[in-house]
Amino acid sequence: MKVLPFMIPKTSGESIRIQVDKGRYFYDKLHQHEEIQISFVVNGKGRLFVGDSFTQYTPGDMFVIGQNTPHLFDSEKDETGDSHMISMFFVWDSFYNVSGGIAELEELKSFWEEARLGLKIRLTGQDANKLSLLELPELFGLERVHAFFTILQFLQKAPKSAICSKLRNYKYSESGGKRMANVFDYTLRRFHQNITLDEISSVANMNKYAFCRYFKISTNKSYFSFLLELRIEEAAIALRKYPDRTIAEIAEACGFQNLAHFNRQFKLIKKARPSEYRGLKNERLKKDRKINSGIEN
């Protein structure tokens with residue numbers, strides 16, 4: 001298992017790294033890096049964890065992940081077809097320092113502050129084609145730099161939502177990164193089961209009191225708040241994916257033993273009852289098909 005910190009491979013003559021991830025799943029281990037990351041999901045569905053919060057990703061989503069912000073993409077394992085994502089990695093300070101503080105770039109300062117929380121932008125097929133996102137891997141030199149600033153200009157003005165609930169820039173040590181990566185990996189694979197504090201603190205190789213403090217410092221929330229949000233996010237995905245399953249069946253499959261508790265927590269986190277959310281997502285799926293068609297064309 002790779003651990004934090006994670007190094008983005010770049011050549012000495014490369015300020016903007018373009019990476020194409022295409023395969024059955026995206027890289028699903030918790031990691032962080034000094035580069036800011038802008039990623040466009042061409043194909044694939046799943047959950048994205050950034051900083052202290054989860055969000056869903058589907059084709060047509062674009063994300064901005066801030067410097068040293070822990071994150072992972074957890075692909076839906078039973079999706080058909082390859083997951084496909086195009087990402088740009090860069091250190092903004094290197095551009096800003098070289099520019100000598102060009103006045104026109106000052107307007108991006110507020111955007112980078114927002115980006116530290118992690119940003120999600122929903123693109124239409126027309127947006128993706130206009131930005132030539134699928135052509136990014138073929139661009140080099142000044143063409144790549146031009147495309148980079150065109151994308152930044154678009155993102156600055158586009159409607160977007162923050163992913164994290166609090167601003168944080170926590171850089172893990174190698175040992176701390178390994179510990180948290182193990183905790184996240186264990187939780188993602190067993191969230192539907194009953195996970196005790198003794199059990200998860202053992203995974204972290206810590207006593208339970210030290211683990212509770214460490215997890216809270218690292219993520220701004222308790223472990224069981226994190227586990228609850230993960231279960232709700234998984235239930236939200238299942239509501240969209242399995243329209244024939246009852247809400248009670250989905251709740252139980254996601255680790256909830258009490259339906260009333262599930263309904264209450266779901267509404268608290270998602271701002272809608274499960275039945276309402278399922279209806280909203282069905283409408284979203286119809287729009288997704290149009291977006292995917294626009295990207296392919």
Side-chain angles (χ1 to χ4, degrees), residues 1 3-4 28-32 46-57 69-77 117-118 120 161-173 175-240 247-274 277:
M1 176 187 295
V3 300
L4 312 179
D28 64 351
K29 305 303 179 186
L30 184 69
H31 63 289
Q32 66 184 165
R47 301 166 299 205
L48 168 63
F49 176 81
V50 178
D52 66 358
S53 301
F54 282 98
T55 188
Q56 295 177 39
Y57 69 84
T69 302
H71 59 283
L72 66 85
F73 284 85
D74 186 43
S75 305
E76 291 185 20
K77 299 301 187 284
L117 289 170
K120 180 177 181 178
S161 57
I163 301 173
C164 300
S165 59
K166 293 182 180 179
L167 186 63
R168 187 160 181 75
N169 190 1
Y170 188 91
K171 191 170 183 178
Y172 287 98
S173 65
S175 60
K178 183 177 181 180
R179 175 180 293 119
M180 288 300 290
N182 287 339
V183 167
F184 271 64
D185 189 64
Y186 188 90
T187 306
L188 285 168
R189 308 311 155 211
R190 294 173 172 81
F191 68 87
H192 54 287
Q193 302 173 359
N194 180 38
I195 301 177
T196 66
L197 183 56
D198 286 334
E199 181 181 356
I200 196 63
S201 58
S202 176
V203 171
N205 198 26
M206 304 175 76
N207 69 57
K208 58 185 180 181
Y209 303 107
F211 171 75
C212 288
R213 290 195 301 271
Y214 182 79
F215 195 92
K216 185 68 178 287
I217 290 172
S218 300
T219 66
N220 290 316
K221 62 184 60 177
S222 72
Y223 173 76
F224 288 105
S225 293
F226 162 76
L227 178 60
L228 173 64
E229 291 178 16
L230 171 60
R231 286 170 170 167
I232 292 295
E233 199 62 45
E234 181 65 19
I237 291 174
L239 286 168
R240 177 204 73 206
I247 291 174
E249 288 173 334
I250 288 173
E252 184 177 2
C254 293
F256 291 92
Q257 303 303 315
N258 184 290
L259 182 59
H261 175 66
F262 167 72
N263 287 330
R264 184 166 56 251
Q265 294 300 324
F266 192 97
K267 185 175 182 180
L268 184 65
I269 293 173
K270 291 296 183 181
K271 312 305 180 186
R273 292 190 295 271
Y277 186 88

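If you read the sequence from its start, that first residue is 1, and numbering goes on from there.
When side chains are defined from C-beta on, Met180 counts as touching Phe215, because their heavy atoms get closer than 4.5 Å. Using a 4.5 Å heavy-atom cutoff, the side chains of Tyr57 and Lys120 are not in contact. Phe266 places none of its side-chain heavy atoms less than 4.5 Å from the side chain of Ile247. Side-chain contact between Arg273 and Asn263: absent, with no pair of heavy atoms (C-beta onward) separated by less than 4.5 Å.
What you find for Ser53 and Cys164 is that their closest heavy atoms are OG-CA, 3.8 Å. Of all heavy-atom pairs between Ala248 and Leu259, the closest is CA-CD1, 3.9 Å. Arg179 approaches Ala204 most closely through the heavy-atom pair NE-O, 3.1 Å. Contact between Ala210 and Asn207 at its shortest, heavy atoms only, is N-OD1, 2.7 Å. A pairwise comparison of heavy atoms in Thr69 and Gly51 identifies CG2-N, 3.8 Å as the closest pair. Asn194 and Glu199 make their closest contact through O-OE1, 3.6 Å (heavy atoms, listed as atom of the first residue, atom of the second, distance).
Of the inter-residue distances, the one linking Ile269 atom CD1 with Ile232 atom CD1 reads 5.0 Å to the nearest 0.5 angstrom. Here the straight-line distance linking atom SG of Cys254 with atom CG of Leu239 works out to 8.0 Å at 0.5 Å rounding. The line from CG of Leu48 to CG of Leu72 is 7.5 Å long, rounded to the nearest 0.5 Å. Rounding to the nearest 0.5 Å gives a distance of 11.5 Å between OG of Ser225 and CG of Asn220. Considering CG of Leu230 and CZ of Phe184, their distance stands at 9.0 Å, rounded to 0.5 Å. With rounding to the nearest 0.5 Å, the separation of CG in Leu227 from OH in Tyr223 is 5.0 Å.
The neighbour count for Asn258 CG, taken as heavy atoms of other residues, nucleotides or ligands under 6.0 Å away, is above 12. Within a 6.0 Å radius of CD in Gln265, other residues, nucleotides and ligands contribute more than 12 heavy atoms.
Ring geometry, Phe226 versus Phe49: the interplanar angle exceeds 60°, so the pair is classed perpendicular (tilted spans 30 to 60°). In this pair, His71 and Phe73 present their aromatic rings perpendicular. The plane angle is above 60°, beyond the 30 to 60° band. Using the six-membered ring where Trp is involved, Phe256 and His261 have ring planes that are tilted, between 30° and 60° apart.
The side-chain hydrogen bond (donor to acceptor under 3.5 Å, both in side chains) analysis of residues 226-239, with sequence neighbours excluded, yields the pairs Arg47-Glu234, Gln56-Glu233, Lys221-Glu229, Glu233-Lys270.
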Legend entry - Leu197/Phe224 under side chain to side chain contact (heavy atoms under 4.5 Å, CB included): CA gap, chis, key distance, verdict: CA-CA 9 Å; Leu197 183 56; Phe224 288 105; 4.1 Å; yes
Inset, instruction - Might you work through the side chain to side chain contact (heavy atoms under 4.5 Å, CB included) test for Asp185 and Lys29, ending with a clear yes or no? - result: CA-CA 7 Å; Asp185 189 64; Lys29 305 303 179 186; 2.9 Å; yes
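Although no hydrogens or angles enter the test, the distance criterion places no donor-acceptor pair under 3.5 Å between the side chain of Thr219 and the main chain of Lys216.
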